[in-house]
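Quick notes on the structure that follows.
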2 protein chains.
Amino acid sequence: MSEIMTRSIQDYLKHIYELNEYGSAASTNDLAARLNIAPASVTGMLQKLANSKPALVVYKKHQGATLTRPGEKAALEVIRHHRLLETFLVTTLGYSWDEVHCEADKLEHVISEDFEARMAKALGHPTRDPHGELIPTADLVMPADKSCPLASLRTDDTATVRRVSDDDPALLRHLRKIGVVPEVKIVVKSYSEFDGNLTLQVEGQKLNVVLGKAITSQVFVDK
Amino acid sequence: MSEIMTRSIQDYLKHIYELNEYGSAASTNDLAARLNIAPASVTGMLQKLANSKPALVVYKKHQGATLTRPGEKAALEVIRHHRLLETFLVTTLGYSWDEVHCEADKLEHVISEDFEARMAKALGHPTRDPHGELIPTADLVMPADKSCPLASLRTDDTATVRRVSDDDPALLRHLRKIGVVPEVKIVVKSYSEFDGNLTLQVEGQKLNVVLGKAITSQVFVDK
DNA sequence: AAAATTATTTAGCTTCACCTAAATAGTTTT
DNA sequence: AAAACTATTTAGGTGAAGCTAAATAATTTT
Ligand SMILES: [Mn+2]
Ligand SMILES: [Mn+2]
Ligand SMILES: [Mn+2]
Ligand SMILES: [Mn+2]
């Protein structure tokens, strides 16, 4: 009933945050799927997080979980650690962008605030990680993000790639290969009603590419 | 009964290794003191480690614990992580030598073998950490160390500081201040029978210093 | 060699974070 | 509006790693 932030709790909060960003409350099953944990166990943890003092989530039976302000702060703390670590691993140890996620997922719970501050300073206080994801500020504010899924663009739209989902290494390697990385400009040459495929002209690439929804829903752009 | 190396087990093995280096078997109480755990709990863990397959320690009631070869390998793995991390933190993030121990104690259990290899490469495969302690090789061999305690020197002995104990930050700051750091040469100007104090001339320092046993037993030199 | 002291072990308990199986609630489909 | 299906919760249990208190073994002192 107090200030103990275990690894498990940090992971629950982080994933609740990410699910909340999407739609609304994080459901038991979605959390279970993301955390690779049985739904029954998730229910137990949500009850605990809701009854802790201070409460970290708002939770009503059968209605999923939302973060309280303390819960959100704790989540942003972990997300800041994660994204700074990813940046650090790429910059300092030569990791490629498809390798950092897994390592950062373990380190994020273990580094000190001092370590966090030293990384931020050494990296020049970056605002985005290697996948273009926004890094919460040191005082735990998440910068506004107005990007939208590449999948929502249509013929003749132009946009700049801002960020890509970082949890599938194979997808990351593929995106790198076809040049779809943050800050690159793209033009939609055509859209297929039936399968949702987009044909793109990618800045710096000779040939156009055709991408399906499995990919375009994971890439976010600014128009 | 198999290959699961928890944080706890890694810590037990590391401290058993260090106690074994000293005298012989690691006693229940010494381990309990180092790990900040009740002696009764240590007994329980030693029984588990001795009965696991493969056995990680040799343990006979009332006679303390010794590492088996598999246990020693696991210990050296953790110690290699720890010492590479300390070196990395100093070199890459500007930590001072009195700040790294605590951070490395947490990170040592969490980094991957890839992380270890990248650090080693980035640092030019160092053989000693910032305190002069030897780093086990990548294939888990601990290099021979023939240094002896500074406390064992007598008047007119000359020697080179090789390593210092790294667990007391205040002592480390003091040693830094008086110039007693690895690779520095010293001359013993006098020795006091009664309190064991040594008066030292330290290379690069204007004034001699007088050090008590609390300090000279924590500093190791080569004659 | 007893007695006293210290070290170690045993026994029984707790908390955390999981699990499975069974019950129940909520949502669709017919 | 049942029936069927899906999502979620409850109930009961496990293993890891710790704890305290009491028992016992080993060592040191008298
Ligand atoms: Mn932080
Ligand atoms: Mn990322
Ligand atoms: Mn290793
Ligand atoms: Mn060290």
Side-chain angles (χ1 to χ4, degrees), chain A residues 1-16 19-20 22-53 55-66 71 74 78 105-106 108-110, chain B residues 1-16 19-20 22-53 55-66 71 74 78 105-106 108-110:
Chain A
M1 322 230 167
S2 56
E3 278 293 288
I4 343 146
M5 281 292 165
T6 64
R7 258 163 273 272
S8 275
I9 292 178
Q10 289 181 337
D11 276 333
Y12 273 91
L13 296 175
K14 183 175 74 163
H15 284 101
I16 293 169
L19 288 168
N20 284 175
Y22 254 82
S24 47
S27 78
T28 303
N29 266 17
D30 285 358
L31 270 171
R34 272 175 172 259
L35 294 164
N36 257 293
I37 281 174
S41 308
V42 172
T43 299
M45 180 61 99
L46 291 180
Q47 289 167 342
K48 195 173 79 172
L49 296 178
N51 294 328
S52 72
K53 278 192 282 195
L56 298 170
V57 311
V58 176
Y59 167 69
K60 287 266 170 63
K61 269 188 193 183
H62 295 277
Q63 298 184 195
T66 303
V78 181
D105 257 351
K106 295 178 303 176
E108 65 190 6
H109 309 291
V110 170
Chain B
M1 320 236 164
S2 56
E3 278 293 289
I4 342 145
M5 281 291 166
T6 65
R7 258 163 272 273
S8 276
I9 292 178
Q10 290 182 336
D11 275 333
Y12 273 91
L13 296 176
K14 181 174 75 163
H15 284 100
I16 294 168
L19 288 168
N20 284 174
Y22 255 82
S24 47
S27 77
T28 303
N29 266 16
D30 285 358
L31 270 172
R34 272 174 171 258
L35 294 165
N36 259 292
I37 281 173
S41 307
V42 172
T43 299
M45 181 60 100
L46 291 181
Q47 289 167 342
K48 195 173 78 172
L49 296 178
N51 295 327
S52 72
K53 278 192 280 194
L56 298 170
V57 310
V58 175
Y59 168 69
K60 285 269 168 66
K61 271 189 192 182
H62 296 277
Q63 296 182 197
T66 303
V78 180
D105 258 351
K106 296 178 302 177
E108 65 191 8
H109 308 291
V110 170

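Since the model is a prediction, treat every value here as computed from it, not as a measurement.
Using a distance-only test at 3.5 Å, with no hydrogens or angles considered, no donor-acceptor pair links the side chain of A/Asp30 to the main chain of A/Ala26.
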Got a list of protein N/O to nucleotides 10-12 of chain C N/O distances below 3.5 Å?
{"unit_1": "C/dT10", "atom_1": "OP1", "unit_2": "B/Lys61", "atom_2": "NZ", "d": "2.9"}
{"unit_1": "C/dT10", "atom_1": "OP2", "unit_2": "B/Gln47", "atom_2": "NE2", "d": "2.4"}

Please write out the pairs of protein N or O atoms and N or O atoms of nucleotides 14-17 of chain C separated by less than 3.5 Å, giving the distance to one decimal.
{"unit_1": "C/dA17", "atom_1": "OP1", "unit_2": "A/Thr6", "atom_2": "OG1", "d": "2.5"}
{"unit_1": "C/dA17", "atom_1": "OP2", "unit_2": "A/Lys48", "atom_2": "NZ", "d": "2.4"}

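Between the CG atom of B/Asn51 and the C1' atom of D/dA16 there is a distance of 16 Å, given to the nearest Å. Summarising the geometry, the separation between CG on A/Asp30 and P on D/dA7 is reported as 9 Å, rounded to the nearest angstrom. One atom, CG of A/Leu46, and another, P of D/dT9, lie 7 Å apart when rounded to the nearest Å.
Applying the salt bridge (Lys or Arg N to Asp or Glu O under 4.0 Å) definition to pairs two or more places apart or across chains, none involves residues 36-51 of chain A.
Ranking C/dG26, C/dT20, C/dT9 by closeness to the B/His62 side chain, first place goes to C/dT9.
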Ignoring hydrogens and angles, write down the donor-acceptor pairs under 3.5 Å from the side chains of residues 33-45 of chain A, residues two or more places apart or on other chains.
{"unit_1": "A/Arg34", "atom_1": "NH1", "unit_2": "A/Glu18", "atom_2": "OE1", "d": "2.8"}
{"unit_1": "A/Thr43", "atom_1": "OG1", "unit_2": "A/Pro39", "atom_2": "O", "d": "3.4"}

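Considering only residues two or more places apart in sequence or on other chains, A/Ala25 meets the side-chain contact (heavy atoms from CB on, under 4.5 Å) condition with A/Thr66. In this structure A/Asp105 satisfies the salt bridge (Lys or Arg N to Asp or Glu O under 4.0 Å) test together with A/Lys14, sequence neighbours excluded.
Contact check, B/Thr28 against C/dT9: a side-chain N or O comes under 4.0 Å of OP1 or OP2. Of the side-chain N and O atoms in B/Asn29, none sit less than 4.0 angstrom from OP1 or OP2 of C/dT6.
A/Ala50 and A/Ala55 get closest at one heavy-atom pair: O-CB, 3.5 Å.
Using a 4.5 Å heavy-atom threshold, the side chains of B/Leu46 and B/Ile16 count as touching. The shortest side-chain heavy-atom distance between B/Asp11 and B/His109 falls under the 4.5 Å cut-off.
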